[in-house]
J.: 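I'd like to ask you about the structure that follows.
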Amino acid sequence: MKIHPIHPLNINPDEFISIQEKLAHKVDVSQPLYLHDIQTVAGVDVAYSSENGKELGFSHIAVFDLATMEVIERAESRGHITVPYMPGYLAFRELPLIIEAAKKLRNTPDLFLFDGNGILHPRKMGIATHASFFLGTPTIGVAKTYLKVGDSELNEPAQEKGSKTDIVVNGETIGRVLRTSEGVKPVYISPGNQIDMESSTRITLLLTGSESRLPIPVRVADIATRVMRQSWRKEYD
DNA sequence: GCGACAG
DNA sequence: ATCTTGTCGC
């Protein structure tokens, strides 16, 4: 697929905040995304391995045909991770590998789901949001744990599948605590870009099966990423 | 200085 | 995220 190089992928930490602030005002989470406009959905994830003080990253993108929910394409990339993990700046750490993998895709997915946040972020620039500018497609962020934004208070949704509570900051709903399966820990979702909160919620639920609290595309990418690491260690030792 | 803290 | 065995529960 075609990538939009809006800025270099290797940036000095000094510029992290200014880049996020610059892109933040271009974010659009006001438009609905309808199912009949979606043919393919991609799940993205990254796994790590520490080797002699260095960190190696493995990224995987799994593309699904929404109608059949079969994987129609996969793309991967592996490389050294240079940026340390800093809450609020995950994109600068993982995007280099993710974009490298995305470039290899023959298909251009209609939607990407990320392991991490969308606009549920101090500057509304979580990894899902940031990635959409490079991908040029709608994105959704699905996080397994909560990143506190502002003075938002968290309310636990009911136990039934589909139950949800809004995460409101300054009168604006920037995310939702969503129970994707009965009785399991909820996930924290938020639109990344080019899609609204309602569509993000509906699509996340549609893509979540009973085998995991995470939407299938993200879960499949997560598993694939561990397989990559496993086979790498096997031929390296 | 003291907590908070996506992956 | 990653390091890790058994074990409580449906």
Side-chain angles (χ1 to χ4, degrees), chain A residues 9 13 16-17 19-20 23-24 27 29 43-61 77-99 101 112-132 139-154 159-161 167 169 174-178 180-193 200 204 210-215 217-230 232-233 236-237:
Chain A
L9 287 172
F16 287 180
I17 289 186
I19 287 178
Q20 291 183 333
L23 293 174
V27 177
V29 290
V44 186
D45 196 24
V46 177
Y48 301 89
S49 181
S50 297
E51 298 298 328
N52 38 53
K54 303 278 187 175
E55 272 189 314
L56 257 185
F58 305 83
S59 77
H60 187 102
I61 300 177
S77 70
R78 178 185 79 211
H80 293 293
I81 298 295
T82 57
V83 179
Y85 170 67
M86 296 178 277
Y89 305 97
L90 180 63
F92 297 98
R93 174 175 166 81
E94 301 191 338
L95 277 190
L97 278 182
I98 292 173
I99 297 306
F112 280 83
L113 272 68
F114 285 79
D115 192 332
N117 295 316
I119 62 170
L120 175 53
H121 178 279
R123 289 166 293 282
K124 298 185 179 181
M125 282 294 296
I127 188 169
T129 305
H130 203 141
S132 78
T139 59
I140 296 175
V142 182
K144 297 183 293 298
T145 60
Y146 181 57
L147 169 62
K148 192 166 188 290
V149 176
D151 54 346
S152 56
E153 59 177 87
L154 227 48
Q159 294 301 312
E160 310 89 68
K161 170 171 184 172
I167 298 172
V169 174
I174 61 174
R176 276 177 175 163
V177 185
L178 178 65
T180 52
S181 289
E182 164 94 41
V184 303
K185 285 173 54 181
V187 294
Y188 305 82
I189 70 168
S190 57
N193 198 2
S200 298
T204 297
S210 56
E211 58 290 308
S212 171
R213 68 190 177 108
L214 295 176
V218 174
R219 177 54 178 159
V220 167
D222 173 64
I223 293 174
T225 222
R226 298 168 195 272
V227 171
M228 285 177 72
R229 180 176 58 193
Q230 192 72 290
W232 183 83
R233 285 174 171 168
Y236 187 77
D237 295 332

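Atoms considered below: every heavy atom in the structure, side chains included; atoms not considered: hydrogens, waters and symmetry mates.
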J.: For the pair made of CG in A:N117 and P in B:dC5, what is the distance, rounded to whole Å?
T.: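 Spelled out: CG on A:N117 to P on B:dC5 is 12 Å.
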
J.: Give a yes/no on whether any side-chain N or O of A:R229 is located under 4.0 angstrom from OP1 or OP2 of C:dA1.
T.: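 It does not, given that no N or O in the side chain of A:R229 lies less than 4.0 Å from OP1 or OP2 of C:dA1.
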
J.: Taking the side chain of A:R226 as heavy atoms from C-beta outward, which of B:dG7, C:dA1, B:dA6 is closest to it?
T.: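 Minimum distance to the A:R226 side chain belongs to C:dA1.
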
J.: Would you indicate what A:Y48 reaches in the nucleic acid, counting non-hydrogen atoms under 4.0 angstrom: base, sugar-phosphate, or nothing?
T.: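 Sugar-phosphate contact only - A:Y48 comes under 4.0 Å of backbone atoms but never of a base.
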
J.: Are A:K144 and A:R213 side-chain neighbours, meaning at least one heavy-atom pair lies under 4.5 Å?
T.: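 Answer yes - side chains close enough.
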
J.: Base, sugar-phosphate, or nothing: which does A:G88 touch, judged by heavy atoms less than 4.0 Å apart?
T.: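 Base, at least one base atom sits under 4.0 Å.
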
J.: To the nearest Å, how far apart are A:L120 CG and B:dA4 C1'?
T.: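 To the nearest whole Å, that distance equals 15 Å.
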
J.: Can you check the A:E55 CD to C:dA1 C1' distance for me, whole Å?
T.: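 Checked: the CD to C1' distance equals 8 Å.
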
J.: Is the CD atom of A:Q230 crowded by more than 12 outside heavy atoms at less than 6.0 Å?
T.: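 No, CD of A:Q230 has 12 or fewer neighbouring heavy atoms, counting only those of other groups under 6.0 Å.
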
J.: Please classify the nucleic acid contact of A:F92 as base, sugar-phosphate, or nothing, using heavy-atom distances under 4.0 Å.
T.: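 No contact.
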
J.: Should we say atom CD of A:E211 is surrounded by more than 12 heavy atoms from elsewhere, each under 6.0 Å from it?
T.: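 Yes.
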
J.: Rounded to the nearest angstrom, tell me the gap between atom CE in A:M86 and atom P in B:dA6.
T.: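 Distance check: A:M86 CE to B:dA6 P gives 13 Å.
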
J.: Looking at every strand, decide which applies to A:I127 at a 4.0 Å heavy-atom threshold: base, sugar-phosphate, or nothing.
T.: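 Touches a base.
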
J.: Do other residues, nucleotides or ligands put more than 12 heavy atoms under 6.0 Å from A:K148 NZ?
T.: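 More than 12 within 6.0 Å, yes.
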
J.: Between atom CD1 in A:I98 and atom C1' in B:dG7, what is the gap in whole Å?
T.: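 Rounded to the whole Å, the gap is 10 Å.
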
J.: Given 3.5 Å as the limit, does a donor-acceptor pair link the side chain of A:S59 with the main chain of A:L97, or not?
T.: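 Side chain of A:S59 to backbone of A:L97: a pair is present.
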
J.: Would A:Y85 pass as stacked on B:dG7, i.e. its ring centre under 5.5 Å from the base's six-membered ring centre and planes under 30° apart?
T.: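 Yes; centroid distance and tilt both under limits.
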
J.: Treating A:S132 as the side-chain partner and A:T139 as the backbone partner, does any N or O pair qualify as donor plus acceptor under 3.5 Å?
T.: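 Answer holds: no.
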
J.: Would you mind writing out the side-chain donor-acceptor pairs for residues 78-92 of chain A within the sub-3.5 Å range, not counting sequence neighbours?
T.:
| from | atom 1 | to | atom 2 | distance (Å) |
| --- | --- | --- | --- | --- |
| A:Y89 | OH | A:R123 | NH2 | 3.1 |

J.: For the pair made of CG in A:D151 and C1' in B:dA4, what is the distance, rounded to whole Å?
T.: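 Interatomic distance, CG of A:D151 to C1' of B:dA4: 14 Å.
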
J.: Using Watson-Crick and G-U wobble pairs whose two distances are both under 3.5 Å, how do you write the pairing of DNA chain C as dot-bracket, with | for links to another strand?
T.: ..........

J.: Using a cut-off of 4.0 Å on non-hydrogen atoms, how would the nucleic acid contact of A:D115 be classed: base, sugar-phosphate, or nothing?
T.: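 Sugar-phosphate, backbone atoms only, no base.
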
J.: In whole angstroms, how far is the P atom of C:dA1 from the CG atom of A:D45?
T.: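 From A:D45 CG to C:dA1 P: 8 Å.
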
J.: Could you tell me which non-hydrogen atom of A:F114 sits nearest to which non-hydrogen atom of A:A131, and how far apart they are?
T.: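 Looking at all heavy atoms of both residues, the shortest contact is CZ-CB, 3.4 Å.
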
J.: For DNA chain B, produce a single dot-bracket line, 5' to 3'. Pairs: Watson-Crick or G-U wobble, both distances under 3.5 Å. Symbols: ( ) within strand, [ ] crossing, | other strand, . unpaired.
T.: .......

J.: Counting just side-chain N and O atoms, does A:S50 come under 4.0 Å of either OP1 or OP2 of C:dC3?
T.: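 No.
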
J.: Counting just side-chain N and O atoms, does A:K148 come under 4.0 Å of either OP1 or OP2 of B:dC5?
T.: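 Answer no for this pair, as no side-chain N or O of A:K148 is under 4.0 Å from OP1 or OP2.
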
J.: At under 4.0 Å between heavy atoms, what does A:Y188 touch on the DNA or RNA strands: base, sugar-phosphate, or nothing?
T.: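 No contact at all - A:Y188 keeps every heavy atom at 4.0 Å or more from the nucleic acid.
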
J.: Mind calculating the distance between CZ (A:F58) and P (C:dA1) to the nearest angstrom?
T.: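 In whole Å, C:dA1 P and A:F58 CZ are 15 Å from each other.
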
J.: Is the shortest heavy-atom distance from the side chain of A:T180 to the side chain of A:I189 under 4.5 Å?
T.: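 No, too far: nothing below the 4.5 Å cut-off.
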
J.: So, A:S190 side chain and A:G175 main chain: donor-acceptor pair closer than 3.5 Å or not?
T.: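 It does not hold such a pair.
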
